[in-house]
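Working notes, beginning with the structure itself.
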2 protein chains.
Amino acid sequence: MERGRGALGPALELVHTGRAPTRAVLTSELGVTRATAGAVAAELEALGLITVDSRPTASAGAQGRPSHRLFVDERGPVVLAAQIHADGYRVALVGLGGRIVATAAGCGTIPADPAHVLAEAVAAGSALLSETGRRCLGAGLAVPSAVAEPDGEALNPLHLAWPPGAPVRELFLRALADAAIPGVTERIGFTGNDVNLGALAEHRHGAGRGARDLLCVASGHRGVGGALVLDGRLHSGSSGLALEVGHLTVNPEGAPCHCGSRGCLDVEADPLAFLGAAGRTPGPEGSLLHQAVDLLRNDYADPGVRAAADLLIDRLGLGIAGLVNILNPDRIILGGLHRALVEADPERLRAVVADRSLWGRSGGVPILPCSLDHNSLVGAAELAWQPVLDDPLVVVDR
Amino acid sequence: MERGRGALGPALELVHTGRAPTRAVLTSELGVTRATAGAVAAELEALGLITVDSRPTASAGAQGRPSHRLFVDERGPVVLAAQIHADGYRVALVGLGGRIVATAAGCGTIPADPAHVLAEAVAAGSALLSETGRRCLGAGLAVPSAVAEPDGEALNPLHLAWPPGAPVRELFLRALADAAIPGVTERIGFTGNDVNLGALAEHRHGAGRGARDLLCVASGHRGVGGALVLDGRLHSGSSGLALEVGHLTVNPEGAPCHCGSRGCLDVEADPLAFLGAAGRTPGPEGSLLHQAVDLLRNDYADPGVRAAADLLIDRLGLGIAGLVNILNPDRIILGGLHRALVEADPERLRAVVADRSLWGRSGGVPILPCSLDHNSLVGAAELAWQPVLDDPLVVVDR
DNA sequence: GTATTTTGTTTAGCGTCGGCACAAAGTCAG
DNA sequence: CTGACTTTGTGCCGACGCTAAACAAAATAC
């Protein structure tokens, strides 16, 4: 009787990622008949997840009957996304399509206590939910650390004041339970590394759309992180520790690293390294990342700054070339300081990567700056949306 | 009416990989009812792909009615697998389950001409088919070179006398067409890198069974290759060039490599490097790989050989640790000379990898020798079997 | 020998999707 | 403006592929 149950999840994902702007496109993308696609769209609309605009469209331009347009429901449910970083936290309510509905930030009054910071973040998110009156279907958290699977422990929260091995997923779940957010009653607090989640967000809604093998590299405030999205799914390794690229050697005679080696990407291509190469000492206000990005953008004409940028691009390119030889991605996206570097001089980085990677064809891989604001936050939301994308019918029970 | 069409492919794959020894297990693995599993098994038997042993089993030991045993049909169809290596070629007829039914080898009379070598190999395979009278459903080829997608060109057949960029897939298809093998009328000549295909074979039938993220590293006669199997599927990158691990730097002051760098895995951990480290000069007869493996296995008591083995293990471990940090696999399998190295001293390699990889948990990843004879050949057969595994009904038309 | 457990088989029924015919909504040509 | 054409949406029917349930079969346990 009810048509289109099996295709419900794929259909929602297509609308969610913007790949199904109309019902006709949905039909062809799903590979089903128009009848089935219509039933699927109607079902998703009944669930309150999408809206079908059946009014005659203004001007289609093309021949034939204009197709009904499909939108993510702007008044539909949201998920709660939280991100922890060196300066504190940021929370947001994120709807389907990766749209940030509301956001708030705080500094975290007791930075050394993860439970306390998470409780504050969740409280801020809960306040957003109360203010907006939106229905919440889940929650996701991004942290600037490798997150070990399956336990969800933050292994190296180096530039947080947290103890290594903090059980962030458990603490996040507990904070959610304590906050007693309506609708968020089960264990639906997903947790991941911020660069990983940023990559996921870029793949679905940003500069990574359409890529099959997407590699992301991003500097945080300290250190360098990587992420890999394969066939639309995050590859975080068997225990969540993949793409820890910070300790690739890019300068054999370089500075010593806490890992015991020297010349690691972590110490040769992060904001502190850039400030040092430019002969600046970090100031007291503003994060290292902001200081470095501001310096790069405002004083790129300064020869010393320019030389520092060139040096970092060369080192970064060496690291990326190594990754290209191993992973052979079809697109590369850079975040944090690296985004600013590739924006400052796109050609130099492409040339270095092409020169140091083995095959000309791999060297020709596109390298783009990331394109989403708060992509880690949006990625955390993607994690929370995933159960709904897998089976949209789960929304009826909650 | 006909039950169990959609589950046909997954069911055959379960039997093929040995994960469904009985109908009861098939039922639970597929997640379907006994009725459906029974229909699926009957259909596969009717297709001549598996046999269902419904005779009362000798002694089950367990309570309840014994389940019918499922076997790959030993008299069923086969695929033609071919492997090109430095010394010539090897061909085999491979049935479901990765079982080699018949095999033959030759040296290749005009090694510099890929078309000629491939024609000889296909002719040898065709002869095997005539002798055995088996039905052939496809053909696969393994070559010791990166194979670029989507064109199927051998980019670096370094230790073959082939020109770089030889269009091996096209040449293989042409050789198959020229041989006019009954049944192999369409374009079903699949081609891949030998280490990649070996990894696929190990994952399905060998030491890699059950691994989710499997990393393989293997030395050929010259150089080092890598492969990655993720969620049961080969990850060969967007253009087939992933896991070209030969140019990871493992010894910054090492020997120069043709890639322009120095101390690459290719020149620091291959059979030639081992013979050199042991103070031996390569002899004229036998491949470098065989000479190195023989030396290692026969003269391991010799302090010089032992020291050379330790040195290569240390370098190899450094390279593997780098890969572990990037890929976070849950199992590692070694082939070629590296297999012999890990068999000679399993603990040393594990210790090096654990020491040089970032996380203790990743350092604890199991490192095993490969377990299949001719795994590249079996992997080439896997490539050819894949269409049948995707939809077993394709066998009825051919 | 009877009860219990587990597996295989048969039958009925239902849910999901494709196919088809028809209606609807636009463009294009004159 | 009108009619032909193109493309999209919808309702109806049937086929296919599965589940559910009852029953039969083959072993062990007591």
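Residue numbering restarts at 1 for every chain, and letters A, B, ... go by the order of the sequence lines.
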Look at the side-chain N and O atoms of [X] and state whether any lies under 4.0 Å from the OP1 or OP2 oxygen of [N].
X	N	answer
A/S67	D/dG9	yes
B/R23	C/dT9	yes
A/T36	C/dT16	no
A/T22	D/dT8	no

Pick base, sugar-phosphate or nothing for [X], based on heavy-atom distances below 4.0 Å to the nucleic acid.
X	value
A/A39	nothing
A/G38	nothing
B/R34	base
A/A35	base
A/A37	nothing

Specify the separation, in whole Å, of atom [atom1] of [X] and atom [atom2] of [N].
X	N	atom1	atom2	answer
B/Q63	C/dT5	CD	C1'	5 Å
A/E43	C/dG15	CD	P	14 Å
A/R5	C/dG15	CZ	P	10 Å
B/L30	D/dG17	CG	P	15 Å
B/E29	C/dT7	CD	P	13 Å
A/R69	D/dT7	CZ	C1'	17 Å
B/D53	C/dG8	CG	P	12 Å

Show, in sequence, the C-alpha distance, side-chain angles and deciding distance for A/R331 and A/E202, and conclude whether the salt bridge (charged side-chain N to carboxylate O under 4.0 Å, His left out) test is met. CA-CA 11 Å; A/R331 199 176 305 173; A/E202 292 288 340; over 6 Å; no

Please report the shortest heavy-atom distance between A/C136 and A/I181, naming the atom on each side. CB-CG2, 4.5 Å

For residues A/A102 and A/T132, report the shortest heavy-atom separation together with the two atoms involved. CB-CG2, 4.3 Å

Distance criterion of 3.5 Å, no angle test: do you see the side chain of A/R65 paired donor-to-acceptor with the base of D/dT7? no

Both A/A24 and B/A7 contact DNA chain D. Taking the nearest nucleotide for each, which residue is further toward the 5' end? A/A24

Aromatic plane relationship, B/H16 with B/H205 - under 30° parallel, 30 to 60° tilted, over 60° perpendicular: perpendicular

Evaluate the side chain to side chain contact (heavy atoms under 4.5 Å, CB included) criterion for residues B/R99 and B/V101: first the C-alpha distance (whole Å), next the side-chain angles of each, then the deciding distance (0.1 Å), finally the verdict. CA-CA 6 Å; B/R99 211 170 40 85; B/V101 172; 4.1 Å; yes

